[in-house]
Amino acid sequence: MSAENPWIVCDSDRARLRELGQRLMAIAHSHKNAERRQAWLQHNDLKDARPLILTETSGLLQSGELNFDSEMQCREPWARKLEQQLLDELYRLEYVCDDTVAEPWLNVNWQVNASDFGVEVRHHHVENSGTMGSFAFEPPLRNLGEDLEKLHTRTFHVDRETTHRWKQHLDDVFDGVMPVRIRGGFWWSAGLTVVGVHLIGLENLMLYMHDDPGGLHRFMAFLRDDQLTFADWLETEGLLTLNNENDYVGSGSIGYTQDMPRTDWKPGSPVQLRDLWVLSESQETVGVSPAMFEEFIFPYQRPIIERFGLCYYGCCEPLHARWDVIRRLPNLRKVSVSPWCNEQAMSEAIGRSYVYCRKPNPSLVSTRRFDEDSIRRDLKQTLQIAGNCPLEIVMKDVHTLAGEPWRLRRWVELARECCS
């Protein structure tokens, strides 16, 4: 370790990471991987393609049910973290065998920090022997009329030096095996309401629609302006990178498309918001009417969404009730069809104009009994209802496989069987 390289590198860690990198690169250059990449390009660009199948492992990693302890060999913390990342990717590519695509790169993100809003959100976690559990939080704003002035727009900072040092470090580790590039994102969703709930509380977000509509409008305008300030700062600082490959761009989905970046963009040129996907959603307002969503939420999401090239809208909320509002987005491309959606209504609404992103209920793979007949019925129902819609099926929000890790792979096999 030195001032130039603060990360300790031992020969065994380097050898292990290079071995995993070689496995990943072999998959990235395979014929099957090329077919999957092309299928995603066709699919996201609304051209004829087979149904795409994805799974999500983040919940299993979070719960500790999926771990790679028996395979982990690296010693240093930075190397172990990267080893786990590569093992998770290889697990989906080599064992689960869904339509995950491997790209021949290792991505690192700009190291960006944001301040708070000038107030503290306090979290209280329960005693829990495991890795997951419930928590409560204290919204710092108790009265919009009195407390709104406490908020200030966030400030942002990028540590370019550390980012480039980290990239150079990985360039040295993977030299001759896998290129390293700076590419990544800075938010999961631009939907605003999850941030709003943490600042004012879920019940108050809904009650203010009746009790203090003017205050709620001012609050939502503040959140909108803060998000746009952040987006403008990223663009001005030249920190945006494309997300049109195997980039997480939606609720469980990836962003392959040839419709972005803009046609006059050249490699190496600055990336702008209009060259990117954005995810927006409002799961927290599932309990309010479509009219209240239209009045208090959508007008503040729309100016953000319209700054981007393409939009994926929705997550776990059922969108059929507010579809007449969502469909006004001029750059809408992908639509979440959650387990609580009216599939028939969404199929008729989506047609060939958008991507039908179906999320089966994760209980199909999580409960005590793994019922293959129920899984087949669920998949066949989606295929029948979706009809000619561009269809992807994503098994996400899975936090347990009831101690039987083979279930995720088997669900993929059943999905392929039903789609064939």
Side-chain angles (χ1 to χ4, degrees), residues 1-2 4-38 40 53-111 131 162-185 241 245-248 254 256 398 401 404-410 412-413:
M1 182 170 63
S2 67
E4 291 74 25
N5 185 2
W7 302 282
I8 297 174
V9 183
C10 61
D11 290 343
S12 59
D13 284 1
R14 183 192 298 272
R16 172 61 169 166
L17 293 175
R18 290 173 65 83
E19 171 206 339
L20 296 176
Q22 288 166 350
R23 283 168 58 185
L24 186 62
M25 290 293 283
I27 296 171
H29 292 296
S30 68
H31 176 76
K32 180 180 290 187
N33 194 67
E35 185 277 328
R36 289 175 178 167
R37 184 186 293 109
Q38 184 59 36
W40 277 107
I53 300 163
L54 282 178
T55 59
E56 200 174 72
T57 58
S58 58
L60 294 168
L61 289 166
Q62 183 184 4
S63 69
E65 186 161 316
L66 175 63
N67 66 73
F68 303 101
D69 292 350
S70 62
E71 300 179 63
M72 296 285 285
Q73 299 176 23
C74 288
R75 184 183 69 188
E76 295 300 323
W78 70 266
R80 290 182 64 83
K81 183 177 180 180
L82 185 54
E83 181 184 24
Q84 184 181 63
Q85 174 187 323
L86 293 171
L87 284 170
D88 178 47
E89 188 169 0
L90 289 166
Y91 169 78
R92 285 179 285 124
L93 290 164
E94 296 178 338
Y95 179 75
V96 177
C97 298
D98 60 6
D99 285 315
T100 298
V101 181
E103 285 295 340
W105 323 90
L106 179 66
N107 292 331
V108 299
N109 202 3
W110 288 108
Q111 298 196 18
T131 58
T162 301
T163 301
H164 284 297
R165 289 169 70 188
W166 174 240
K167 179 184 180 300
Q168 183 59 57
H169 166 66
L170 296 179
D171 281 333
D172 294 340
V173 170
F174 290 100
D175 183 36
V177 172
M178 180 164 55
V180 180
R181 61 180 181 174
I182 297 176
R183 183 185 180 102
T241 59
E245 293 179 1
N246 187 20
D247 302 283
Y248 193 97
I254 52 180
Y256 283 100
V398 180
L401 295 171
E404 297 178 337
W406 51 265
R407 288 185 176 193
L408 208 57
R409 176 189 175 104
R410 182 57 182 156
V412 171
E413 292 173 345

Determine whether V173 and L82 satisfy the following criterion, side-chain contact (heavy atoms from CB on, under 4.5 Å), listing intermediate values before the conclusion.
CA-CA 12 Å; V173 170; L82 185 54; 6.0 Å; no
Given side-chain contact (heavy atoms from CB on, under 4.5 Å), test L93 with L24 step by step and report yes or no.
CA-CA 9 Å; L93 290 164; L24 186 62; 3.6 Å; yes
With salt bridge (Lys or Arg N to Asp or Glu O under 4.0 Å) as the test, would you mind laying out the steps for R36 and D99 before giving the verdict?
CA-CA 6 Å; R36 289 175 178 167; D99 285 315; 3.8 Å; yes
Stepwise side-chain contact (heavy atoms from CB on, under 4.5 Å) check, L20 with E89:
CA-CA 10 Å; L20 296 176; E89 188 169 0; over 6 Å; no
Check against salt bridge (Lys or Arg N to Asp or Glu O under 4.0 Å), E65 and R407:
CA-CA 12 Å; E65 186 161 316; R407 288 185 176 193; over 6 Å; no
Give the C-alpha distance, both sets of side-chain angles, the deciding distance and a yes or no for side-chain contact (heavy atoms from CB on, under 4.5 Å) between D172 and V9.
CA-CA 10 Å; D172 294 340; V9 183; over 6 Å; no
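With hydrogens and angles disregarded, a donor-acceptor distance shorter than 3.5 Å links the side chain of N109 to the backbone of G185. Between the E83 side chain and the C74 main chain, a donor and an acceptor come within less than 3.5 Å of each other. Between the side chain of S30 and the backbone N or O of N33 there is at least one donor-acceptor pair closer than 3.5 Å. In this structure, the side chain of T163 engages the main chain of Q111 through a donor-acceptor pair within 3.5 Å.
Here the CZ-CG distance, from R92 to L87, works out to 11.5 Å after rounding to the nearest 0.5 Å. Taken from CG in L61 to CZ in F68, the straight-line distance is 5.5 Å, to the nearest 0.5 Å. Note that the CD atom of E404 and the CZ atom of R409 stand 15.5 Å from one another [nearest 0.5 Å]. Note that the CD atom of Q85 and the CG atom of L90 stand 10.5 Å from one another [nearest 0.5 Å]. Annotation: the span from L66 atom CG to D88 atom CG amounts to 6.5 Å, rounded to 0.5 Å. Atom-to-atom distance recorded for T100:OG1 and Y91:OH is 11.5 Å, nearest 0.5 angstrom.
P179 and M25 make their closest contact through CD-CE, 4.1 Å (heavy atoms, listed as atom of the first residue, atom of the second, distance). When all heavy atoms are compared, the tightest approach of R37 to A28 is NH2-O, 3.9 Å. A pairwise comparison of heavy atoms in E76 and I8 identifies CG-O, 3.5 Å as the closest pair. R165 and W7 make their closest contact through O-CZ3, 3.6 Å (heavy atoms, listed as atom of the first residue, atom of the second, distance). Of all the heavy atoms in E56 and Y248, the pair that sits closest is OE2-OH, 3.1 Å. Counting all heavy atoms, side chain and backbone alike, R75 lies closest to D13 at N-OD1, 2.8 Å.
Counting heavy atoms from C-beta outward, T241 and D247 have side chains that stay 4.5 Å or more apart. Taking 4.5 Å as the limit, every side-chain heavy atom of I182 sits out of range of all side-chain heavy atoms of W166.
Ionic pairing of K32 and E35 is not present here: no N-O contact between side-chain nitrogen and carboxylate oxygen is shorter than 4.0 angstrom. Between E94 and R23 there is a salt bridge, since at least one side-chain N of the basic residue sits less than 4.0 Å from a carboxylate O of the acidic one.
Exactly one residue among R183, R181, E245 makes a side-chain hydrogen bond (donor to acceptor under 3.5 Å, both in side chains) with N107. That residue is R181.
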